[in-house]
Amino acid sequence: MKIATWNINGVKARIDNLTQWLKDSDPDIVCLQEIKTIDEGFPRLEIEAMGYHVETHGQKGFNGVAILSKTKPDEVSRGLPGDPLDEQARFLEAVFSLPGNRVARVCCMYLPNGNPVETEKYSYKLAWMERLRSFAADRLAYEEILILAGDYNVIPEPHDCFDPKAWENDALFLPQTRQAFRKLGGLGLTDAVRATTDAVQLYSFWDYQAGAWQKNNGIRIDHLLLSPEAADRMTSSAIEKHVRAWEKPSDHVPVVAYFDFAA
């Protein structure tokens, strides 16, 4: 099974890229972030025509997440627990049946950016990450296949960006941010990409400005974190970098992991 995460940066603007990628890449489950539309505005018919079920948690103009899947999920939940006043559409959870009377719990997430760091946006980012840690700890107690996929807006390590000095005061790379990310790993979650490669210059985002793509001045901020039960069944991972060279691209590219759930 192939599971992917992709910050699409506006699903209506990138619908041609999305449908072409679905045709070429043929993922089984896709977690999309920044769909930037309400649920009713999502281009559902185009995606359903390709054989995918669609679940959305949208928001007008910004944020918004979606899960596309070849099979319909058994359960769907919207919103990250822990703050009933948080109205931002950043979290979607779906549970899928697997062979052997097992399930895969897939969470699609768009974590807050946090900039400027001197504002409440950064405190919101850290609070959101603590809520995610609490949620992950709760779900890990189920001892089932759990995949937390999305745009984390976190550069985990210096080798995950082209120039650490350029990012040292950014919310994506501050020590508090990276510590919050490491706390997720401390729960027993595995970074799918780093479990399969130590390669440098391995990025998932390139800014539209200053020729970042052409210079390969990127950062790795899109991640799939796996429970032990999921990590044991992962066979490989990849960053589908070629999509960034397409016409009217997102500034992010798909990150994918492959699993053998038959065993």
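The structure displayed is predicted, hence computed values, not measured ones.
- Here the side chains of Asp151 and Asn153 are in contact, with some heavy-atom distance below 4.5 Å.
- Within the 4.5 Å cutoff, the side chain of Pro73 has no heavy atoms near those of the Val95 side chain.
- One hydrophobic cluster, built from ILVMFWY side chains closer than 4.5 Å, holds both Met129 and Leu189.
- Put simply, the side chain of Asp260 never gets that close to the backbone of Arg233: no donor and acceptor are under 3.5 Å apart.
- You'll find the side chain of Val117 reaches within 4.5 Å of the side chain of Leu174, heavy atoms only.
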* To do: Take Arg131 and Asp86, measure what salt bridge (Lys or Arg N to Asp or Glu O under 4.0 Å) needs, and give me the verdict at the end.
  => CA-CA 11 Å; Arg131 285 163 55 200; Asp86 185 2; 2.9 Å; yes
* To do: Step by step, work out the side-chain contact (heavy atoms from CB on, under 4.5 Å) result for Glu40 and Phe42.
  => CA-CA 6 Å; Glu40 294 79 5; Phe42 192 92; over 6 Å; no
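- For the pair Arg90 and Tyr110, the cation sits on the ring face: its NZ or CZ lies under 6.0 Å from the ring centre, inside 45° of the axis.
- Inter-residue side-chain proximity for Phe135 and Cys107 is flagged as met; some heavy-atom pair is nearer than 4.5 Å.
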* Asked: Does the side-chain contact (heavy atoms from CB on, under 4.5 Å) test come out yes or no for Gln88 and Gln59, once each step is laid out?
  -> CA-CA 7 Å; Gln88 296 193 30; Gln59 189 169 349; 4.1 Å; yes
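- Salt bridge absent: Arg244 and Asp251 never bring a charged side-chain N and a carboxylate O closer than 4.0 Å.
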* For side-chain contact (heavy atoms from CB on, under 4.5 Å), just list the numbers for Ile221 and Ser204, CA-CA rounded to whole Å, side-chain angles, deciding distance to a tenth of an Å, and then say yes or no. => CA-CA 6 Å; Ile221 58 175; Ser204 64; 4.2 Å; yes
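- Both Trp213 and Leu202 belong to a common hydrophobic cluster when Ile, Leu, Val, Met, Phe, Trp and Tyr are linked at side-chain heavy-atom distances under 4.5 angstrom.
- The aromatic ring centres of Trp21 and Trp6 sit less than 6.0 Å apart.
- Looking at Val253, Ile155, Asn216 one by one, the single match for side-chain contact (heavy atoms from CB on, under 4.5 Å) with Tyr203 turns out to be Asn216.
- Looking at every heavy atom in both residues, Pro112 comes nearest to Tyr124 through CG-CE2, 3.4 Å.
- In this structure, Leu148 CG and Leu132 CG are separated by 6.0 Å, a value rounded to the nearest 0.5 Å.
- Using modelled atom types, one finds a donor on one side chain and an acceptor on the other under 3.5 Å when comparing Tyr122 with Thr177.
- Closest approach of Thr5 and Leu224 over heavy atoms only: CG2-CD1, 3.8 Å.
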* To do: Would you sort out whether Leu92 and Glu55 count as a side-chain contact (heavy atoms from CB on, under 4.5 Å), showing the intermediate values?
  => CA-CA 8 Å; Leu92 183 61; Glu55 294 287 348; 4.2 Å; yes
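- The distance from atom NZ of Lys248 to atom CG of Asn9, rounded to the nearest 0.5 Å, is 11.0 Å.
- Under a 3.5 Å cut-off, the side chain of His223 and the backbone N or O of Val154 do form a donor-acceptor pair.
- The aromatic ring centroids of Phe181 and Tyr152 lie less than 6.0 Å from each other.
- Interatomic distance, Phe259 CZ to Leu226 CG, rounded to the nearest 0.5 Å: 4.5 Å.
- For the pair Pro249/Val243, no side-chain contact is recorded, criterion being any heavy-atom separation below 4.5 Å from C-beta on.
- Heavy atoms from other residues, nucleotides or ligands lying under 6.0 Å from CD of Glu118 number more than 12.
- When all heavy atoms of Leu187 and Ala137 are compared, the pair lying nearest together is CD1-N, 3.9 Å.
- A donor atom on one side chain and an acceptor atom on the other are found under 3.5 Å apart for Asp24 and Gln20.
- At least one side-chain heavy atom of Thr19 sits less than 4.5 Å from a side-chain heavy atom of Ile47.
- We find the CD1-SG distance between Ile147 and Cys31 to be 8.0 Å, quoted to the nearest 0.5 Å.
- Cluster annotation: Ile145 and Val76 are assigned to the same hydrophobic cluster (Ile/Leu/Val/Met/Phe/Trp/Tyr, side-chain heavy-atom contacts under 4.5 Å, transitive).
- Atom-to-atom distance recorded for Arg105:CZ and Arg139:CZ is 4.5 Å, nearest 0.5 angstrom.
- Closest approach of Pro27 and Lys70 over heavy atoms only: O-CE, 3.2 Å.
- Checked against Val30 for a side-chain contact (heavy atoms from CB on, under 4.5 Å), the options Leu22, Ile3, Ile67 give a single hit: Leu22.
- Side chain to side chain, Asp207 and Asn217 fail the donor-acceptor criterion of an N or O pair below 3.5 Å.
- For Arg178 and Phe173, the positive end sits near the middle of the six-membered ring, less than 6.0 Å away and at most 45° from its axis.
- Although no hydrogens or angles enter the test, the distance criterion places a donor-acceptor pair under 3.5 Å between the side chain of Asp28 and the main chain of Lys2.
- Ser25 has its side chain within reach of Glu240: a pair of non-hydrogen atoms, C-beta onward, lies under 4.5 Å apart.
- In the hydrophobic clustering of this structure, Phe62 does not group with Ile8; members are Ile, Leu, Val, Met, Phe, Trp, Tyr whose side-chain heavy atoms approach within less than 4.5 Å, directly or through other members.
- When all heavy atoms of Asn7 and Glu34 are compared, the pair lying nearest together is ND2-OE1, 2.9 Å.
- Arg44 places a side-chain N or O within donor-acceptor distance of the main-chain N or O of Val54, the cut-off being under 3.5 Å.
- Environment of CD in Gln214: crowded, with over 12 heavy atoms of neighbouring residues, nucleotides or ligands closer than 6.0 Å.
- Taking every heavy atom of both residues into account, Arg78 and Thr56 meet most closely at NE-O, 2.7 Å.
- Considering only heavy atoms from C-beta on, Val193 comes within 4.5 Å of Arg220 through its side chain.
- The pair Arg194-Asp160 counts as a salt bridge, with a side-chain nitrogen and a carboxylate oxygen less than 4.0 angstrom apart.
- Note that CZ of Phe96 and CG of Leu98 are 9.5 Å apart. Values are rounded to the nearest 0.5 Å.
- Thr190 places no side-chain N or O within donor-acceptor distance of the main-chain N or O of Ala192, the cut-off being under 3.5 Å.
- Both Leu146 and Leu184 are part of a single hydrophobic cluster, where members link through side-chain heavy atoms under 4.5 Å apart.
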